[in-house]
S.K.: 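Sharing a structure here in structure tokens format.
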There are 2 protein chains.
Amino acid sequence: MPADADAPSTRPRPKRRDAALNNDRLIEAAREVFARRGLSATLEDIAAHAGVGVGTIYRNFASKRQIIETLYDAAIDSALADVQTALEIDDPWLAIVTFFEVTAANQARDRGLGECLLGDDAVGPNEHTAWRLVATLTPLFERATKAGVLREGVTTTDVWPIFAMLNSVYGLSDAAPDLWRRYLALLLDGLRATDRPPLPEPALDVDSFTATFSAVD
Amino acid sequence: MPADADAPSTRPRPKRRDAALNNDRLIEAAREVFARRGLSATLEDIAAHAGVGVGTIYRNFASKRQIIETLYDAAIDSALADVQTALEIDDPWLAIVTFFEVTAANQARDRGLGECLLGDDAVGPNEHTAWRLVATLTPLFERATKAGVLREGVTTTDVWPIFAMLNSVYGLSDAAPDLWRRYLALLLDGLRATDRPPLPEPALDVDSFTATFSAVD
DNA sequence: GTCGTACCGGAATCATCAATTCCGATTACC
DNA sequence: GGTAATCGGAATTGATGATTCCGGTACGAC
């Protein structure tokens, strides 16, 4: 529609090759550093990892927050996709197990991802997104409940406290990077339907849930 | 025994009454604030809660660290005592359950306590104390293992990752202060002996354990 | 009551840490 | 070779929180 799509005065000049390279390096470095050390990693860390100066970061991103948004914008969609993948598994219980194992593995591999999903006041899902997450998970859990393989009273809002718990064991020991699988197994055994008594406390209702796990924006 | 118990030159003057009162108030306020907000609570918080100025804190304690030590020195001994209490319960499995419920309840009530037990680089058990904790827990777990009520491969070093996980749910929602009981129940079901497959990862060995959960001093 | 001093409040200081800005030096591209 | 885009990284800014300091305040001896 613009009459002067390539008017000489507004045509953006192509980037210098080294600048473009640095941009790529920075994104990759940010991804690695946030994955290893979480979102509290410093820009200096990231710059050093990319082999550039901090100033270069600001020629590519307006702020630290924007880097995080650039990297993790797709994170929530990707988590939603994990739910869809799990739903394609026929066995309702195996689907639950797979969902937790896949998402936990992702969060173990990328500490920043977990911090984005759990919310941190600064980053994290907003209220609307939190709702969407719950809504997407509901079929997975309802199917398992109907099939009688999920412990009575277990609901979608249990997912976040479980994520939070696992989050605290991901980096515990460098000597045992997969230790989290041990404790996920414990939790999954508790989630499975058994003849044991019901759980002692009700799950969070959806309002408390969104209040707890939403960033303030 | 001292020959000069009240020699005039060295007799400490009695404190002014208001000063003594402030000291009591401060200890109480520190206890409450650390319990509610954890050890990262500020001295200003504590002073305000006690109704005094920050300066007054420094007339009673040399540093924030010293306050923490004063309040939580007995914490580890008290945790050890909880193990003894649990050992007095006849049923080996009930003893395990009781141990976790009592210690978790204490940590839910007092966030500072949990932070002391888990270690934080700055505060927490030193290496020797970590050993002592493991040693004390061993009879409790060995007895349960011998009785066949504890899942195969569960060991004393599992206690700290579990504490760490629970620690992340204690304060989740003000609307549900006892929510942690729900997730402790899940974990305990996983710890109990069943005919299910063994846990996927070995527990931390004692060396990794002490490395992970000791303050650097 | 009043005086001396132990004690007080809380503003000011110090320290740390990390995001962001700035500018002289460098380098890709013509 | 010229020059403007780009760079590195030191300096700046801002926030936060422990610790210090000092002009008052008020306890309690007289």
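Residue numbers start from 1 in every chain, and the chains themselves are labelled A, B, ... in the order their sequence lines are given, proteins ahead of strands. As a basis for the values below, the full set of heavy atoms in this structure was taken, side chains included, without hydrogen atoms, waters or symmetry mates.
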S.K.: What does A/Arg16 touch in the nucleic acid at a heavy-atom separation under 4.0 angstrom: a base, only the sugar-phosphate, or nothing?
M.R.: base
S.K.: Rounded to whole Å, please give me the gap between CZ in B/Arg37 and C1' in D/dG17.
M.R.: 15 Å
S.K.: Measure from the side-chain heavy atoms of A/Ala19 and tell me the nearest of D/dG9, D/dC27, D/dT6.
M.R.: D/dT6
S.K.: Between A/Asn22 and B/Lys64, name the one whose nearest nucleotide on DNA chain D is closer to the 5' end.
M.R.: A/Asn22
S.K.: Would you please indicate if the ring centroids of A/Trp160 and A/Phe163 are separated by under 6.0 Å?
M.R.: yes
S.K.: A/Ile46 has an atom CD1; how far is it from atom P of C/dA18, in whole Å?
M.R.: 12 Å
S.K.: If you compare every side-chain N and O of B/Arg59 against the phosphate oxygens of C/dC8 (OP1, OP2), does one of them come in below 4.0 Å?
M.R.: yes
S.K.: Specify the separation, in whole Å, of atom CG of B/Leu43 and atom P of D/dT20.
M.R.: 11 Å
S.K.: Just the rounded figure in Å: distance from C1' of C/dC7 to CG of B/Asp18.
M.R.: 7 Å
S.K.: Please determine, for the side chain of B/Thr42, which listed nucleotide (C/dT21, C/dA11, D/dA18) has the closest atom?
M.R.: D/dA18
S.K.: OP1 or OP2 of C/dT21 sitting under 4.0 Å from any side-chain N/O of A/Tyr58?
M.R.: no
S.K.: Between D/dC7, C/dA28, C/dT21, which one does the side chain of A/Arg17 approach most closely?
M.R.: C/dA28
S.K.: Any idea which of D/dT19, C/dG9, C/dC8 is nearest the B/Val52 side chain?
M.R.: C/dG9
S.K.: From the list C/dA28, D/dT19, D/dC27, which nucleotide is the closest neighbour of the side chain of B/Ser63?
M.R.: D/dT19
S.K.: For B/Glu69, does the CD atom have more than 12 heavy-atom neighbours from other residues, nucleotides or ligands under 6.0 Å away?
M.R.: yes
